[in-house]
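In the text below, chain A, chain B and the rest are named by the order of the sequence lines, each starting its count at 1. The basis for the numbers below is simple: all heavy atoms, side chains too, and nothing from hydrogens, waters or symmetry mates.
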Amino acid sequence: MAGTPAQMPAGVGAADATGVADLLARAAAAGLPLSEDEARGLVTSVRRLDAMADEVRALIGPSVEPSGPVVAPWRTPRP
Amino acid sequence: MADPPTVSAESLRFAPIATAAAAIRSGAVSPTELTEAALARITAVDPVLHSFVLVTADLARAQAARAEEELAVGVDRGPLHGIPVGLKDLYATKGIRTTAHSRVLIDWIPGEDASAVVRLREAGAVLLGKHGMAEFAFGGPASDGVFPAPRNPWNLEHEPGGSSSGSGASVAAGLCFGALGSDTGGSIRKPASHCGIVGLKPTWGRVSRYGVVPLAWSLDHAGPLARTVDDAAILLGAIAGPDPRDPSASGEPVPNYRAGLEHGVRGLRLGVAWDWVHEMGTIDPDVLAAFEAALGVLEAEGAEVVPIPSAALIAGRSTNTLIITAEAYAYHEAGLREHPERYGRSVRGRFRGGAFIGAADYLAANRARTVLRAQVREILEGVDVIASPTCARPPEPLAGLDPDARFREPSFVNPYNVLGTPAISVPCGFTSTGLPIGLQIAAGPFEESLVLRVARAYERATPWHDRHPSPERDGGI
């Protein structure tokens with residue numbers, strides 16, 4: 001079934017240098033200690049989380065109305 | 001006057017709580033005898049099962065003696081009075097080490113009890129100890145854990161399911177009469193399914209989480225693991241209700257969960273999301289056969305099985321995973337920066353993923369939660385409950401367990417954490433290799449009585465709850 005939550009984009013099973021470097025930079029920005037080995041181990045799961053984020057964005061669609069605890073009673077324009 | 005008939009406490013090892021309670025009331029057995037039998041079984045079996053990380057034998061003996069004294073003077077606290085139980089080791093216990101199965105909390109001695117623990121004590125339950133679990137309710141069975149990983153009592157080489165793994169193993173193996181677990185993405189229902197017992201995740205807020213070490217605040221649920229549906233109803237009745245210490249605890253009145261258990265399923269509509277069941281095409285054939293047979297049993301009992309849409313239930317998994325990972329990282333952020341080496345390898349990796357979820361993605365997942373709730377609410381206007389297998393696959397062997405395997409199979413449990421609605425797992429058979437399979441029944445908010453009633457109708461019509469494991473035999477004891 002298309003878009004199932006765990007299914008990874010093609011080619012995402014192994015860490016690559018770009019992915020590792022990107023994670024190390026993001027970890028440094030977040031103040032999170034992370035070795036290169038640890039970053040390599042995280043690439044797949046972070047890409048999976050990114051794919052899941054794409055999926056939930058598709059679910060909520062183009063609307064920018066808030067939902068959850070705050071519900072806007074009007075339709076807000078998409079910036 | 002004749003002496004009351006006596007039964008051995010050992011013979012009540014797998015008895016329902018109500019049966020043990022009746023034996024106590026009749027004088028056939030005492031809380032002290034039940035407690036001593038449970039402690040003896042823990043001593044005999046737990047060296048191979050690893051279901052407890054701490055046994056509170058002195059406390060249990062004192063509580064059992066007090067239960068006896070109270071009954072002798074006419075103080076009866078109800079069906080849990082004098083019944084030995086266990087707690088997942090993330091429930092704070094006053095003066096008793098509480099670790100969440102992690103080196104991070106290995107020295108934590110809470111100054112007060114979790115509210116659910118207070119309620120169990122007020123109901124007269126006897127605390128045998130603290131159960132092992134997945135580290136912080138998020139790691140997998142780990143070889144580098146601070147305590148050994150609990151084992152499946154049906155086959156010690158297999159996982160018991162997590163994260164309330166020790167609770168599931170302990171209840172199934174007759175080391176205690178029931179337990180409290182927690183469920184953020186299936187952590188009560190998965191071990192219930194894998195260990196062949198009943199596990200109930202109530203509505204979010206139905207049970208106070210004050211004093212329960214969090215995994216993800218907006219998804220965490222506290223609830224019971226038990227050997228029968230009635231036992232689960234008894235335990236839930238004891239711990240449910242508002243709590244001034246937990247603002248998220250609901251003020252919704254607590255019904256008598258045992259009252260409607262025998263009302264059957266005649267006329268009820270059971271929704272089945274078949275595309276969800278077959279999502280990814282990885283459901284185990286034995287699980288699928290057991291699920292289809294279970295639907296047949298419920299139809300024979302008078303229910304109508306109705307197909308329902310799958311999309312919202314399938315999407316629940318991504319929403320759940322993003323929210324769990326982000327909230328868990330928020331809770332552990334300082335610890336992961338300051339002493340990452342104190343976390344086990346498995347849970348450390350999972351938590352760290354949360355550092356890479358942006359605020360906008362977290363908010364998108366929360367907006368998706370609202371969308372999914374509306375979609376499932378619409379589904380539940382056409383059916384009374386939703387049925388599915390609890391797990392797509394039976395318990396895996398511990399050796400070579402692949403932590404990513406879960407992403408290659410559908411999750412039938414974690415959408416209900418996003419939805420916050422009640423869901424129960426009840427035993428529905430065994431694989432060809434003798435491992436348990438669970439049936440999940442879910443319903444709308446605060447419909448615990450309904451899921452209990454459907455589960456009880458199924459349990460009453462089937463023999464699975466009468467089968468019990470013998471880990472002492474498998475473990476060569």
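- Taking CE of A:M52 as the reference point, atom CG of B:N320 lies at 9.0 Å (rounded to 0.5 Å).
- Within a 6.0 Å radius of CD in B:E292, more than 12 heavy atoms belonging to other residues, nucleotides or ligands are found.
- In terms of modelled atom types and a separation under 3.5 Å, the side chain of A:R57 and the main chain of B:A364 share no donor-acceptor contact.
- Within 6.0 Å of atom CZ in B:R342, more than 12 heavy atoms from other residues, nucleotides or ligands are found, so the atom counts as buried in its surroundings.
- In this structure, chain A has no heavy atom under 4.5 Å from any part of B:A311.
- Of the inter-residue distances, the one linking A:L34 atom CG with B:F356 atom CZ reads 5.5 Å to the nearest 0.5 angstrom.
- Heavy atoms of A:A27 lying under 4.5 Å from chain B belong to its backbone as well as its side chain.
- Within 6.0 Å of the CD atom in A:E36, the count of heavy atoms belonging to other residues, nucleotides or ligands does not exceed 12.
- Looking at every heavy atom in both residues, A:L42 comes nearest to B:G353 through CD2-N, 4.1 Å.
- When each of B:I357, B:T325, B:L372, B:L322 is checked for heavy-atom pairs under 4.5 Å with chain A, B:L322 comes out on top.
- The CG atom of A:D50 lies 7.0 Å from the CG atom of B:D361; values are rounded to the nearest 0.5 Å.
- Put simply, the side chain of B:R367 does not reach to within 4.5 Å of the side chain of A:L59, judged on heavy atoms.
- Each of A:L23, A:L32, A:D54 has some count of heavy-atom pairs under 4.5 Å with chain B, and the biggest count is that of A:L32.
- Using a 4.5 Å cut-off between heavy atoms, B:R369 makes no contact with chain A at all.
- Looking at B:R373, neither its backbone nor its side chain comes within 4.5 Å of chain A, counting heavy atoms on both sides.
- Using a distance-only test at 3.5 Å, with no hydrogens or angles considered, a donor-acceptor pair links the side chain of B:R352 to the main chain of A:P33.
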